[in-house]
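Okay, structure first, notes after.
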Amino acid sequence: MLGLDGLRGLAALYVVLFHCWLYTFPGYPNSSAPPWLDGLMFGRLAVVFFLVLSGFSLAISPARHGWRSGGVGQFLRRRAWRILPPYWAALILSLLISWFLVPASHFGPPTGMTVLVYGLVTQDMITAPTPNGAFWSIGVESELYLLFPLFLFVRRRWGAAVLALCVTLPVVALGLMAAGASPVEGDNWLAPHLAPVFAAGVIGAGVISASDRVRRLPWGWLAVLAALPVLVLGVVQGSVWTVNHYFWVDLAIAPAMTMVLAAVATGKPAFLVRLLTTGPVRGLGNFSYSLYLIHLPIVLVVIRRIAPHFVSPGLPAFAFTLALGLPVSLCGAWLFSKIFELPFKKHRSWKSLMARGTDITV
């Protein structure tokens, strides 16, 4: 839908900037970076936005057709066809870089277990040395795809409020039962916690088929009002506190993110939609998935293998990484998408792909 790809592209770009910042300045979240760069430390929230956007985008068509997916098997096959080929190609690239250039995990180089776990996209359930730190969210999203037909069923049968309560209340209850009501998250088993943000996107897609009165609501301003308490709390408590309380921040910010998507989907505010549909932003959105998949190994090679030969640590290394790692990531992702992503977006089966070629146009 108009503007949504642009939002996806900008979110992916922010994740790249976050990783440039994260691996240049040690000590996260008590980073050694200058305070004026603190705005780059919230990469997790960009991934949360991806999940909200994913739920919203997937639910657009069902929302127009009585909240029916057209068949669970067909939906899962289409998701696998769209997501897995570029993911597996990025996995091979990440493994090669991790084995021969720079490890991506503090657990050490990838192992045979890594290949098995990440190849089967089970990294949210089974811990193994990662070949690419960005892959955690792919495991989470894959699990949420399995829940998507159930979310549609609940939405169709009992409505949006029941879906929101069914998904959110168990997560809130578990959070409140944690020590100090502040759950400590591990490296995996994040899908249950993040299911409510995905469901928020699904619920938000209802604006597509809503009445004119609902569609005309000032969704942009409502998003600002919903985000304001979270932003104020973050400013008052500080960025370190915010990072350490992502469990609750994720849940609190999801409604505002959903309203942003509703605003863009209904064409408001006009200036934002115009920005999101400009050629560069729309183009960035077209290969945003590839950018998310392959940027981190590139950034790590620049920071750990190349930058030390030319600049000192800290701010000079960060500037060097932006100057080299960012454009290489963008160009590499664009080329990667031409080979491993766009053919699978244009063709819906191996038969179609083989009959018409891979459609690589560089």
Side-chain angles (χ1 to χ4, degrees), residues 15 18-19 21-23 25-31 41-52 54-55 83 87 90-91 94-95 98 102-147 167-200 230 234 237-254 292-293 296-297 299-300:
V15 172
F18 164 70
H19 282 135
W21 173 91
L22 177 68
Y23 289 98
F25 302 104
Y28 178 83
N30 294 290
S31 173
M41 73 185 300
F42 305 109
R44 163 66 170 262
L45 296 183
V47 177
V48 169
F49 182 73
F50 277 133
L51 294 176
V52 177
S54 180
I83 296 298
Y87 168 74
L91 174 60
S94 300
L95 286 168
S98 294
V102 53
S105 169
H106 58 276
F107 294 113
T111 62
M113 190 65 173
T114 296
V115 177
L116 180 63
V117 168
Y118 282 83
L120 295 175
V121 205
T122 56
Q123 56 264 36
D124 189 50
M125 295 179 282
I126 303 172
T127 300
T130 181
N132 185 325
F135 282 175
W136 70 268
S137 68
I138 308 301
V140 170
E141 190 151 356
S142 297
E143 294 172 61
L144 295 176
Y145 291 157
L146 298 177
L147 293 174
V167 178
T168 306
L169 286 182
V171 177
V172 171
L174 287 173
L176 293 175
M177 288 189 292
S182 183
V184 177
E185 294 183 327
D187 294 325
N188 48 20
W189 293 107
L190 296 173
H193 159 211
L194 292 170
V197 308
F198 182 80
V230 185
Q237 297 290 349
S239 54
V240 173
W241 180 93
T242 301
V243 169
N244 288 331
H245 290 80
Y246 269 152
F247 183 93
W248 297 112
V249 172
D250 293 347
L251 299 177
I253 200 66
Y292 183 82
L293 288 174
L296 186 50
V299 167
L300 286 175

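Count residues from 1 along the sequence.
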Item to check | From CE (Met41) to OG (Ser31), nearest 0.5 Å | outcome: 6.5 Å

Checklist entry - For Tyr118 and Tyr87, which heavy atoms make the closest approach, and how far apart are they? => result O-OH, 2.6 Å

Checklist entry - Side-chain contact, heavy-atom cut-off 4.5 Å: Pro29 with Trp241? => result no

Item to check | Heavy-atom check, side chain of Ile83 versus side chain of Tyr145, under 4.5 Å | outcome: yes

Item to check | Backbone N/O of Ile138 and side chain of Ser142: donor-acceptor pair under 3.5 Å | outcome: yes

Item to check | Residues forming a side chain to side chain contact (heavy atoms under 4.5 Å, CB included) with Pro103, sequence neighbours excluded | outcome: none

Next on the checklist: Quick one, Gln123 with Asn188, criterion side-chain contact (heavy atoms from CB on, under 4.5 Å). Give me CA distance, side-chain angles, the key distance, then yes/no.
Outcome noted: CA-CA 7 Å; Gln123 56 264 36; Asn188 48 20; over 6 Å; no

Item to check | Value rounded to 0.5 Å, distance of OG1 in Thr111 from CG in Leu116 | outcome: 9.5 Å

Next on the checklist: Does the plane of the ring in Phe25 sit parallel, tilted or perpendicular to the ring in Trp21? Use 30° and 60° as the thresholds.
Outcome noted: tilted

Item to check | Atom pair CZ/CG of Phe247 and Leu194 - distance to nearest 0.5 Å | outcome: 9.0 Å

Checklist entry - Which distance, rounded to the nearest 0.5 Å, do you find between the CD of Glu143 and the CE of Met125? => result 4.5 Å

Item to check | Pair Phe50-Val15, side-chain contact (heavy atoms from CB on, under 4.5 Å): steps then yes or no | outcome: CA-CA 11 Å; Phe50 277 133; Val15 172; 4.0 Å; yes

Item to check | Step-by-step side-chain contact (heavy atoms from CB on, under 4.5 Å) determination, Val167 to Phe198 | outcome: CA-CA 10 Å; Val167 178; Phe198 182 80; over 6 Å; no

Checklist entry - Hey, what do you get for CG (Leu169) to CG (Leu174), rounding to the nearest 0.5 Å? => result 11.0 Å

Next on the checklist: Test your reading of the model: is there a side-chain donor-acceptor pair from Thr114 to the backbone of Ala128, 3.5 Å cut-off?
Outcome noted: no

Checklist entry - Asp124 side chain to Val140 main-chain N or O, any donor-acceptor pair under 3.5 Å? => result no

Checklist entry - How long is the gap from CH2 on Trp136 to CZ on Arg44, to the nearest 0.5 Å? => result 5.0 Å

Checklist outcome for this item: On a heavy-atom basis, the closest approach of Ser137 and Ala134 is OG-O, 3.5 Å

Checklist entry - Can you name the side chain to side chain contact (heavy atoms under 4.5 Å, CB included) partners of Val172, sequence neighbours left out? => result Thr168, Leu176, Trp248, Leu251

Checklist entry - Can Phe49 and Val197 be said to form a side-chain contact (heavy atoms from CB on, under 4.5 Å), step by step? => result CA-CA 8 Å; Phe49 182 73; Val197 308; over 6 Å; no

Item to check | Closest heavy-atom pair and its distance - His19, Val299 | outcome: O-CG1, 4.1 Å

Item to check | Results of side chain to side chain contact (heavy atoms under 4.5 Å, CB included) for Ser94 - residues two or more places apart only | outcome: Pro131, Asn132, Phe135, Pro297

Checklist outcome for this item: Note: Val171 and Pro192 closest approach over all heavy atoms is CG2-O, 3.2 Å

